[in-house]
Structures are given as structure tokens and as C-alpha cells.
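One structure is given here, and the rest of the page talks about it.
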Amino acid sequence: MSLPGILDRSLTDLSRALERREVSSEEVTLASLSRIEATDGRLHAFLRVAPERAVADARAADARRARGEARSRLDGIPIALKDIFLTRGLETTCGSRILEGFVPPFDATVVERLAAAGAVVLGKLNMDEFAMGSSNENSAFGPCRNPWDLERTPGGSSGGSAAAVAARQVFGALGTDTGGSIRQPASLCGVVGVKPTYGRVSRYGVVAFASSLDQVGPIARTVPDAATLLGAVAGHDPRDQTSSTLPVPDYLEGLEGGARGLRIGVPREWFQGGSEAGVERRVREALAAYEAMGATLVDVELPHAKYGVAAYYLVAPAEASSNLARYDGVRFGLRAPARTLGEMYGETRDRGFGAEPKRRIMLGTYALSAGYYDAYYLRAQKVRTLVRRDFDRAFERCDLVAGPVSPTVAFRLGEKVADPLQMYLADVFTISCNLAALPGLSVPAGLHPESGLPIGLQLVGRPFDEATMLRAARALEREMGPAPAPGAIG
Ligand code: GLN
């Protein structure tokens, strides 16, 4: 059976089509797998495709539906997972040689929840090694490319997730965001990416990078799609001590409520010439659209935002150096042959880690060393408190904070690899949201006037108020019409 246009539909539309039996999960899963086969040689969004398993799961979903036992709106829908999520029986490398061959004995909580909802996992998506990066070029297995222009980066670290969704290979994906890794690639690929409040989604079974910042979230083509995925994975998990017990609202309820009456904070510091002219123009147009829809723009200040990148690059490497200590060749993945135990640790880590994790292990170990701890790590933690207070103060006067996601559109592969500092600056606008543990998202705000590449608007919400953030994003999405599909892969 041919299914013209089925892959162009949103997850929400596909869900309805499945419900009405216009299409089966098996048909759409096969269509997605063919799409991956036809495009991924050029795109490289996937590190691993699991076709047999996916087709079996799709058939099971069809059988459930035939019995009238569909599990949820996600039942039978093809999705994929960043390779940071542990998947039982399916190799998980986190983009690193050191985890090559590691087949997890259990599923991450979010993977369990998606399975319980009936979603069909097609495979594992490319990413920067251990989620460290903004361009996917730190993947040990070669970078993913941007489906809008194959010479450009899809962003990172969840670049494979954003590219796969934008390229119509899958209907949604999960990523993680420690300093911008969901929002930045979503922005650069023209899709929706949501980083929930810290504690909203379980981190159990998610390979740890910087544990006080890491958060799981959806990447999807539309806001309702993202809201559906978020609803499926959010909620308390006793296996993650930082998981919140607050109840999860129905994110689809009230989603169409519009922007009227919302107070949108516009931080001066995010509009001081730090972005490309074309980016700033689209972001300002989005703000004007909100005003036209009945929202009020409020000037706010985030005076400590300028220290965000510096503080992040102490806190994140410090936590990473500790989290990455477990990869020594004994229990997981790679083990280098050696004569002594010490040599095995050294050789394994030397061969297994790429340049960026090594750089961060050194930075982090230094920042945590006796004599330097107070000067670096502790000070960075204090800055973190100040960043959080800036937002607290802003939220006394507004409901959401808005600005750019990324200072530039997708840059060329190779453009920033030689200069880590330039790469780190890709996250100037996204990092404070992680430092402050707040929810943030990227929603398409149009294309760059010259290059025609996508630009995202960032919205940051109050703690655990994902609902307001999603409602505002949906209002803009409706105003702008359906986001265009990328043209570089046909
Ligand atoms: N680009 C940032 C970094 O390299 C953020 C990564 C992330 O959010 N995982 O650390």
C-alpha cells in the first residue's frame, strides 16, 4: 500500500489516522524505515536502526488496536531515541568509543514509559560524545548533518534527534538538555524542542553528564506533538532522587488557549547585539506577533546572565569528571588490553574518550582539586544562585521570558571545531535556563531572510509551569502556520 504524504503528517495527525484505521502502525513503521534507508546515508542521524524489533512492536500495536486496547495516543507511532538513553538489549554508546559494545541490561524510565504508551522505537540517534558539544562533530561515529543544508551542523548535542524529526524519518524523538542540547538543535533544524524543569522527567537510565543540569525532553514537529511526548514521559520516579512528586498536568488541555493576557518578559541582555541580524529580526517579529495576539511585552533584566557560560563550564565539567570516572574498562564497553590494572584503566580511557570529554575531565578535575574548589566550583555555584534570582525577580513581572535560542543559524561543519570557546558560546542564551533549573523551549520563528535557514524563539517558564510555555509556543505556531520541511535531502 502506498501512503503518500504520511511521513509529512504530525504525530498528532498520525495518531488520529491510526485511531480511524486509515493506516496501520506496521505500514507507517515500514514507511519510516524506508525513509531512513533512503536518507540516512547522507544525514547520519542514526547510530543504530532496529528494524526487526520496530516492525514486531508495530504489529503488536496494530493487534492491540484491533482488540480495542490501544494504550495511548502514542500507540504505534514511530519515534527514536538519542543514544544516551539505556535500551535493554540494544547497544547504547552515548556517541563514545568507550561504550562501544555496551548492551544495557535495563531500560531507562523514559524508555519504559514510552513502551508502556505503545510508541515504536526505530533506533538510536547520533549525538556529541557524552552530550558534550553544540554541533554533533564530537560524535565518535562521525557527525550528523543538517537536513536544511548538508554542509551544516544540525546543532548538538541532540543533533541526531532534531535532524531525524525535521527530515521526516520519525514523528518525534527524545533528547537531553544540559546547557541547550534540546533547544539549540531544535532551533537549527526548524522543529520544536522542550527542556522541562529540572526534576520533571526521570534521569534514571540516562547516561549522566552533569547530573545537576541534565534533563530529558521531547523534540517534535509541532507543539501538540511535543506536549504529547512530554506528558508520556514526565512524572515522579522513585529511582531518581531528584525527580519531583508534583502531579503532571494534561499538557494538551488548554494548549489552544492563545497568548492573550500573557506577560512576556524581554531581557535586555539577550538583545544587545549578541545575535546575527537575521536572527534578531525574526525573534523581534515573533515578539510583535505576541503583542498582536494580545500579550504584553515587559522589559526585564537578567544582570548575571553574562556569567552563565563561565559558571556552566566549571559546574558541568566538574560533574562530568566525576560521572565519567566509572568508565575504566572494568564494567562497561571498551577494555584495552594491558599488562597491569593501572595500564588497563589508562589505555582504556585514552583510547575510549575523544578530545572533548578529555578536555572536560581535566577542567573538571582541576576545578574540584583541593585549593581550587573554593575559587572555582564553589564560586560557580554562587553565580548559579544569582542567575536563578534574576529569573525569580523577572517572574514577579512576567509569565514567560523570551529571546533567541541560538545567536546564529546552523553554522558550517568545521567552522568552530578548532575553537572550543566559540563552540561554547553557541549556548549563551540557553545555559542560564539550565543553571536556574527552569523549563525552556525552542519553537520555530521563521527562516533567516537571506540563508533561508530556520530560527527558533526561546521561551523560558516558571518552575514546573511547562503548560504556560507550551500554550504560548502553540499560539505562535498557529500564527505562523505549519513549519516548512527542509529541502536538502529530498
Ligand atoms: N553545548 C553544551 C555543552 O557542550 C551543552 C550540551 C548539552 O546540553 N548536553 O556542554
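Index from 1, following the sequence. First listed ligand is number 1; within each ligand, the first listed atom is number 1. Everything numeric here is computed off the predicted structure, so don't read it as measured data.
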Test of proximity, G133 against ligand 1: N or O pairs below 3.5 Å:
yes

Are any non-hydrogen side-chain atoms of L246 and R200 less than 4.5 angstrom apart?
yes

Could you tell me whether D399 and R462 have a side-chain N and a carboxylate O separated by less than 4.0 Å?
yes

Contact with ligand 1 for R360, non-hydrogen, under 4.0 angstrom
yes

Geometry only, no angles: is Y312 polar-contacting ligand 1 at N/O separations under 3.5 Å?
yes

What atoms of ligand 1 come within less than 4.0 Å of a heavy atom belonging to A131?
6 (C), 7 (C), 9 (N)

Please state whether the rings of F130 and Y327 are parallel, tilted or perpendicular, taking 30° and 60° as the class boundaries.
tilted

As an exercise, identify every atom of ligand 1 less than 4.0 angstrom from a heavy atom of M132.
4 (O)

Relative to the ring of Y312, is the ring of F209 parallel (under 30°), tilted (30 to 60°) or perpendicular (over 60°)?
perpendicular

From atom 3 (C) of ligand 1, work out which of F209, Y424, Y313, F130 has a heavy atom at the shortest distance.
Y313

Any S157 heavy atom less than 4.0 Å to ligand 1:
yes

Just by distance, with hydrogens left out, do Q215 and R203 show a side-chain donor and acceptor under 3.5 Å apart?
no

Answer yes or no: does an N/O atom from S181 fall short of 3.5 Å to an N/O atom of ligand 1?
yes

Carboxylate-amine/guanidinium contact D237 R113, below 4.0 Å:
no

Using the side-chain contact (heavy atoms from CB on, under 4.5 Å) definition, which of the options P185, S158, S157, C144 pairs with N136?
C144

Note: T178, heavy atoms under 4.0 Å from ligand 1, region reported as both

Under 3.5 Å between some N or O of ligand 1 and some N or O of D427?
yes

